[in-house]
Amino acid sequence: MIYVISAANTEYVKVGLAKNPISRMRLLQTGIPWKLVLLASADWHDSEERRIHRLLGAYWVRGEWFLANPSIDSLIKHMLTGADSPKAWIESLNKPKRLAKVLTMAR
């Protein structure tokens, strides 16, 4: 499973991979002074994690930690829809903002 965890009251978000995201979050919590919150998880193929990391590279901080940003916000929303892959999210990153708005209005 791919998950997104937030370090509460910070700008840091972790995008990672674990069989059980809640157990993983609890393990991480012991070494981090901020409260961790599971924002979303999705049962996507393991290889998608690296792909997501590459796409979020501009926001990379360290390891699997990124600065919160609109791309991660849209990833979380996509995960919460129950989508079976990140494909639609990735495609949305490639659309120019204006075109995305026009396409949304046309639907």
Side-chain angles (χ1 to χ4, degrees):
M1 274 199 158
I2 296 174
Y3 62 81
V4 180
I5 290 174
S6 171
N9 300 317
T10 74
E11 57 191 5
Y12 302 112
V13 177
K14 183 177 189 308
V15 178
L17 181 66
K19 289 182 183 178
N20 185 330
I22 292 176
S23 292
R24 177 68 176 138
M25 183 179 67
R26 288 180 182 148
L27 285 172
L28 290 168
Q29 186 65 74
T30 62
I32 296 178
W34 303 282
K35 179 173 175 50
L36 297 179
V37 178
L38 179 64
L39 301 176
S41 64
D43 194 11
W44 295 342
H45 194 273
D46 293 1
S47 63
E48 299 293 359
E49 180 205 27
R50 279 200 172 111
R51 191 173 184 192
I52 292 167
H53 284 182
R54 279 194 306 272
L55 292 168
L56 297 174
Y59 305 101
W60 179 78
V61 176
R62 183 178 185 177
E64 296 180 333
W65 288 91
F66 299 85
L67 292 174
N69 64 78
S71 295
I72 289 179
D73 293 342
S74 66
L75 173 62
I76 292 164
K77 288 177 186 172
H78 184 71
M79 293 171 99
L80 293 174
T81 67
D84 60 359
S85 80
K87 183 179 177 186
W89 173 73
I90 292 167
E91 289 172 357
S92 75
L93 295 178
N94 296 326
K95 289 181 191 173
K97 298 279 187 223
R98 189 171 180 188
L99 176 59
K101 185 176 181 180
V102 169
L103 291 174
T104 301
M105 291 170 57
R107 290 182 189 167

Check: His53 side chain, Val15 main-chain N or O, donor-acceptor pair, under 3.5 Å: yes
Hydrophobic cluster membership, Val37 vs Ile2, 4.5 Å side-chain cutoff: yes
Interatomic spacing from CD1 in Ile76 to CG in Leu39 - rounded to 0.5 Å: 4.5 Å
Cluster link Leu27 to Val13, ILVMFWY, side chain under 4.5 Å: no
From CG (Asn20) to CZ (Arg26), nearest 0.5 Å: 8.0 Å
N/O donor-acceptor pair under 3.5 Å between Glu91 side chain and Pro86 backbone: no
Check: Ser71 main-chain N/O paired with Trp89 side-chain donor or acceptor under 3.5 Å: yes
Verify same cluster id: Leu17, Leu55 (apolar side-chain graph, 4.5 Å): yes
Atom of Met79, atom of Ala42 and distance for their closest heavy-atom approach: CE-N, 3.7 Å
Within one Ile-Leu-Val-Met-Phe-Trp-Tyr cluster: Ile32 and Leu38, side-chain cutoff 4.5 Å: yes
Stepwise side chain to side chain contact (heavy atoms under 4.5 Å, CB included) check, Arg24 with Lys14: CA-CA 11 Å; Arg24 177 68 176 138; Lys14 183 177 189 308; 4.2 Å; yes
Euclidean distance, Tyr3 OH relative to Glu49 CD, rounded to 0.5 Å: 7.5 Å
Ring geometry between Tyr12 and Trp65 (parallel below 30°, tilted from 30 to 60°, perpendicular above 60°): perpendicular
Donor-acceptor contact below 3.5 Å, side chain Glu48 vs main chain Ser85: no
Ile90 with Ile72, same ILVMFWY side-chain cluster at under 4.5 Å: yes
CE on Met25 to NZ on Lys35, rounded to 0.5 Å: 6.5 Å
Distance in Å, His45 NE2 paired with Asp84 CG, rounded so as to fall on 0.5 Å steps: 13.0 Å
Spatial distance of atom CH2 (Trp44) from atom NE2 (His78) [nearest 0.5 Å]: 4.5 Å
Within 6.0 Å of CD1 in Ile22, more than 12 heavy atoms from elsewhere: no
